[in-house]
Peer 1: 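The structure's right below; bear with me while I get my questions together.
Note on naming: letters A, B, ... go to the chains in the order of the sequence lines (proteins, then strands), and numbering restarts at 1 for each one.
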2 protein chains.
Amino acid sequence: METKNKKMKMMTLDQLKDRDIGEIGTPERDKYEFDLRMELLGEMIKSVRKERNLTQEQLGELIGVQKSQISKLERSTKNVTIETILKVFKALKANVKFSVEMNELEFNVA
Amino acid sequence: METKNKKMKMMTLDQLKDRDIGEIGTPERDKYEFDLRMELLGEMIKSVRKERNLTQEQLGELIGVQKSQISKLERSTKNVTIETILKVFKALKANVKFSVEMNELEFNVA
DNA sequence: TAAAAAGTTGAATTATATGGAAACATTTTG
DNA sequence: CAAAATGTTTCCATATAATTCAACTTTTTA
């Protein structure tokens with residue numbers, strides 16, 4: 001598990017994508033693009049939570065929600081609100097960065 | 001307007017934050033952290049849309065929503081869903097990157 | 001291997017994001 | 001300045017994200 005985690009951390013998202021849903025350009029890839037993001041977001045939360053040595057219940061307490069909610073955030077393929085993401089990572093003392101890239105320009109929204 | 005846009009693009013978010021809501025550590029800053037993010041997200045959308053020379057109505061057509069919806073996304077202080085963000089920037093042919101940073105480690109969710 | 005701890009799931013509820021329509025306001029342009 | 005274009009706001013409906021509770025499953029540990 002530890003090994004698996006470490007490996008994941010070292011993989012770029014593109015590598016994950018290639019592994020999990022096929023090369024760029026295939027219809028499958030486009031279709032699951034968003035689900036993948038959500039999946040990864042869940043994985044991220046779980047990863048960081050583990051890193052902090054917290055149980056879902058403890059993380060829940062930090063935020064003020066039940067453990068079941070954390071579980072859902074970690075494994076759901078559903079859509080999520082920015083507010084929720086920020087709330088969770090703030091509790092985990094992790095920084096969320098957000099950037100929009102267009103051509104050569106890149107604006108960062110941290 | 002052109003000048004204003006260019007200037008904004010050149011500013012980092014931290015600069016924007018400092019200018020708009022005060023230095024790090026002040027309660028005001030923490031309090032408006034999320035609102036600010038949303039505000040900036042709106043500004044991003046507007047910026048990129050302008051860059052593409054689209055009206056709100058045109059962008060709306062690309063996505064399949066009314067111009068009023070675009071207006072709301074651009075100027076709302078409200079919360080937004082990941083799906084919505086992706087949808088908008090995809091229409092704008094811009095790339096959204098998402099990353100979570102914790103200590104020295106950084107995982108990218110692109 | 002049994003008990004405890006941690007995580008998952010489903011059903012139900014509440015809160016709120018998405019969205020349309022239309023009236024209004026602001027900006028642009030001829 | 002008047003008309004046209006663009007953007008904003010409000011009211012409203014609908015969809016769905018956030019959340020709880022409790023039962024259930026899986027994992028850990030003594």
Peer 1: Which of these nucleotides, C:dT18, D:dT8, D:dA18, is closest to any side-chain atom of B:K87?
Peer 2: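 It is C:dT18.
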
Peer 1: Please pick, from C:dG20, C:dT9, C:dT18, the nucleotide with the shortest atom-to-atom distance to any side-chain atom of B:L73.
Peer 2: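 Nucleotide nearest to B:L73's side chain: C:dT18.
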
Peer 1: What is the bend of the helix from C:dT1-D:dA30 to C:dG30-D:dC1 when you compare the axis at one end with the axis at the other, using five pairs each and rounding to 10°?
Peer 2: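 Rounded to the nearest 10 degrees, the bend comes out at 50°.
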
Peer 1: Could you list the residues that satisfy side chain to side chain contact (heavy atoms under 4.5 Å, CB included) with A:S68, not counting sequence neighbours?
Peer 2: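 So A:S68 forms a side chain to side chain contact (heavy atoms under 4.5 Å, CB included) with A:Q66.
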
Peer 1: Counting only side-chain nitrogens and oxygens, does A:R75 get under 4.0 Å of the OP1 or OP2 atom of C:dT8?
Peer 2: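 Yes, within the criterion.
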
Peer 1: Taking CG from B:L86 and P from C:dT18, how many angstroms apart are they, rounded to a whole number?
Peer 2: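 Spelled out: CG on B:L86 to P on C:dT18 is 12 Å.
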
Peer 1: Listed in order of residue number, which residues of residues 55-67 of chain B have a non-hydrogen atom at under 4.0 Å from DNA chain C?
Peer 2: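 Those residues are B:G64, B:V65, B:Q66.
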
Peer 1: For the residue pair A:L62 and A:A91, what are the closest heavy atoms and their distance?
Peer 2: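 Minimum heavy-atom separation between A:L62 and A:A91: CD1-O, 3.9 Å.
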
Peer 1: What residues, two or more places apart in sequence or in another chain, satisfy side chain to side chain donor-acceptor pair (under 3.5 Å) together with B:Q69?
Peer 2: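 Expected list: none.
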
Peer 1: Determine: side-chain N/O of A:T81 to OP1/OP2 of D:dA18, distance under 4.0 Å, yes or no.
Peer 2: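 So the side-chain polar atoms of A:T81 do come within 4.0 Å of the phosphate oxygens OP1 or OP2 of D:dA18, strictly under.
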
Peer 1: Rounded to the nearest angstrom, tell me the gap between atom CG in B:L54 and atom P in D:dA5.
Peer 2: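 Roughly 17 Å, once rounded to whole Å.
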
Peer 1: Starting the side chain at C-beta, find the nucleotide from D:dT8, D:dA18, C:dT18 nearest to B:S71.
Peer 2: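 My answer, after comparing the listed nucleotides, is D:dT8.
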
Peer 1: Mind checking whether A:I63 and A:I70 have side chains closer than 4.5 Å, heavy atoms only?
Peer 2: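 Yes, their side chains come closer than 4.5 Å.
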
Peer 1: Return the set of residues passing side chain to side chain contact (heavy atoms under 4.5 Å, CB included) with A:K46 (not counting sequence neighbours), or none when no residue passes.
Peer 2: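 Checked A:K46 against side chain to side chain contact (heavy atoms under 4.5 Å, CB included); matches are A:R49, A:K50, A:E74.
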
Peer 1: Between P on C:dG10 and CD on A:Q69, what's the gap in Å once rounded to a whole number?
Peer 2: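 Rounding to the nearest Å, CD of A:Q69 and P of C:dG10 are 15 Å apart.
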
Peer 1: For C:dT16, does OP1 or OP2 lie under 4.0 Å from any side-chain N or O of B:N79?
Peer 2: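 Negative; the distance criterion is not met.
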
Peer 1: Does D:dG7 have OP1 or OP2 sitting under 4.0 Å from an N or O in the side chain of B:R49?
Peer 2: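 For D:dG7, OP1 or OP2 has a side-chain N or O of B:R49 closer than 4.0 Å.
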
Peer 1: I'd like to check the side chain to side chain contact (heavy atoms under 4.5 Å, CB included) partners of B:Q58; sequence neighbours left out, ordered by chain and number.
Peer 2: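 If we apply the side chain to side chain contact (heavy atoms under 4.5 Å, CB included) test to B:Q58, skipping adjacent residues, the hits are B:L54, B:T55.
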
Peer 1: So, the side chain of A:R52 versus the backbone of A:L59: is there a donor-acceptor pair under 3.5 Å, distance only?
Peer 2: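 Such a contact is absent between A:R52 side chain and A:L59 backbone.
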
Peer 1: To the nearest 0.5 Å, tell me how far A:K67 NZ sits from A:Q56 CD.
Peer 2: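 The NZ atom of A:K67 sits 8.0 Å away from the CD atom of A:Q56.
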
Peer 1: Whole-Å distance between D:dA15 C1' and A:K78 NZ?
Peer 2: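 After rounding, the gap between these two atoms is 11 Å.
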
Peer 1: Once hydrogens and angles are ignored, does a donor-acceptor distance under 3.5 Å link the base of D:dG7 to the side chain of B:K72?
Peer 2: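 By the distance-only test, no, there is no pair.
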
Peer 1: Scan B:S68 against the nucleic acid and name what it touches under 4.0 Å (heavy atoms): base, sugar-phosphate only, or nothing.
Peer 2: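 The answer is base, as B:S68 lies within the cut-off (heavy atoms under 4.0 Å) of a base atom.
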
Peer 1: Rounded off to whole Å, could you give me the CD1-to-C1' distance for the B:I82 and C:dT18 pair?
Peer 2: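 Interatomic distance, CD1 of B:I82 to C1' of C:dT18: 15 Å.
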
Peer 1: B:I82 versus A:I85: any side-chain heavy-atom pair under 4.5 Å?
Peer 2: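 SC-SC contact between B:I82 and A:I85 confirmed.
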
Peer 1: Look up atom NZ in A:K90 and atom CG in A:L92, then write down how far apart they are to the nearest 0.5 Å.
Peer 2: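 Going from the NZ atom of A:K90 to the CG atom of A:L92 covers 12.5 Å.
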
Peer 1: Is the distance from OP1 or OP2 of C:dG7 to the nearest side-chain N or O of A:K50 less than 4.0 Å?
Peer 2: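 Yes, within the criterion.
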
